[in-house]
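Read through the structure below, which is laid out as structure tokens, and then see the notes.
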Amino acid sequence: MKDTVLGILEDLTGSDEVSKNLDVNLFETGLLDSMATVQLLLELQAQCGIDVPVSEFERSEWDTPNKIIAKVESMQ
């Protein structure tokens, strides 16, 4: 699952920094914005089978690759 999530993040951000530093804050560094967040949720749904409504998305719970991986794993 980790590789899938990191692949999605690398595609969305255009950066391999997400794989090098799993604790990088994706929003503070500008790697993710609101549009990329929606794309992230759609890709997670398509590739991982998890459904996270945008209305239930808490940015602070999804702001690093490690947190995203943990959330995805807990939702499966």
Side-chain angles (χ1 to χ4, degrees):
M1 188 54 53
K2 177 179 177 179
D3 291 337
T4 302
V5 171
L6 291 176
I8 292 168
L9 287 172
E10 285 179 6
D11 288 345
L12 286 175
T13 63
S15 172
D16 64 353
E17 183 177 343
V18 295
S19 296
K20 293 177 182 173
N21 181 1
L22 299 180
D23 292 313
V24 64
N25 188 305
L26 300 168
F27 298 104
E28 287 179 3
T29 58
L31 290 169
L32 280 185
D33 58 17
S34 57
M35 185 56 139
T37 300
V38 173
Q39 292 174 316
L40 171 65
L41 296 178
L42 292 172
E43 283 300 315
L44 290 174
Q45 183 176 13
Q47 294 187 38
C48 304
I50 65 161
D51 186 26
V52 181
V54 175
S55 60
E56 294 178 21
F57 179 86
E58 288 292 330
R59 192 164 132 167
S60 63
E61 296 175 6
W62 295 80
D63 58 0
T64 70
N66 269 333
K67 287 182 182 179
I68 295 169
I69 292 164
K71 287 291 272 184
V72 169
E73 288 175 346
S74 73
M75 297 177 81
Q76 288 191 312

*asked:* Under the ring pair (Phe, Tyr, Trp, His ring centres under 6.0 Å) definition, can you give me all pairs with a residue in residues 29-74, not counting sequence neighbours?
replied: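 Matches after skipping sequence neighbours: Phe57-Trp62.
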Look up atom [atom1] in [X] and atom [atom2] in [Y], then write down how far apart they are to the nearest 0.5 Å.
| X | Y | atom1 | atom2 | answer |
| --- | --- | --- | --- | --- |
| Leu26 | Thr13 | CG | OG1 | 7.5 Å |
| Leu44 | Thr4 | CG | OG1 | 9.5 Å |
| Asn66 | Lys2 | CG | NZ | 7.0 Å |
| Cys48 | Glu73 | SG | CD | 9.5 Å |
| Leu12 | Glu43 | CG | CD | 6.5 Å |
| Asp51 | Leu42 | CG | CG | 9.5 Å |

*asked:* I'd like to know whether CD of Gln76 has more than 12 heavy-atom contacts from other residues, nucleotides or ligands below 6.0 angstrom.
replied: yes
*Is it true that a side-chain atom of Lys67 and a backbone atom of Asn25 form a donor plus acceptor pair closer than 3.5 Å?*
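Judged by distance alone, no pair lies under 3.5 Å.
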*Find out whether Leu40 and Leu32 are in side-chain contact, i.e. whether some heavy atom of one side chain is under 4.5 Å from a heavy atom of the other.*
yes
*Closest heavy-atom contact between Pro65 and Asn21?*
CG-O, 4.1 Å
*Provide the closest heavy-atom pair for Thr64 versus Asp23 in the form atom of the first, atom of the second, distance.*
CG2-O, 3.5 Å
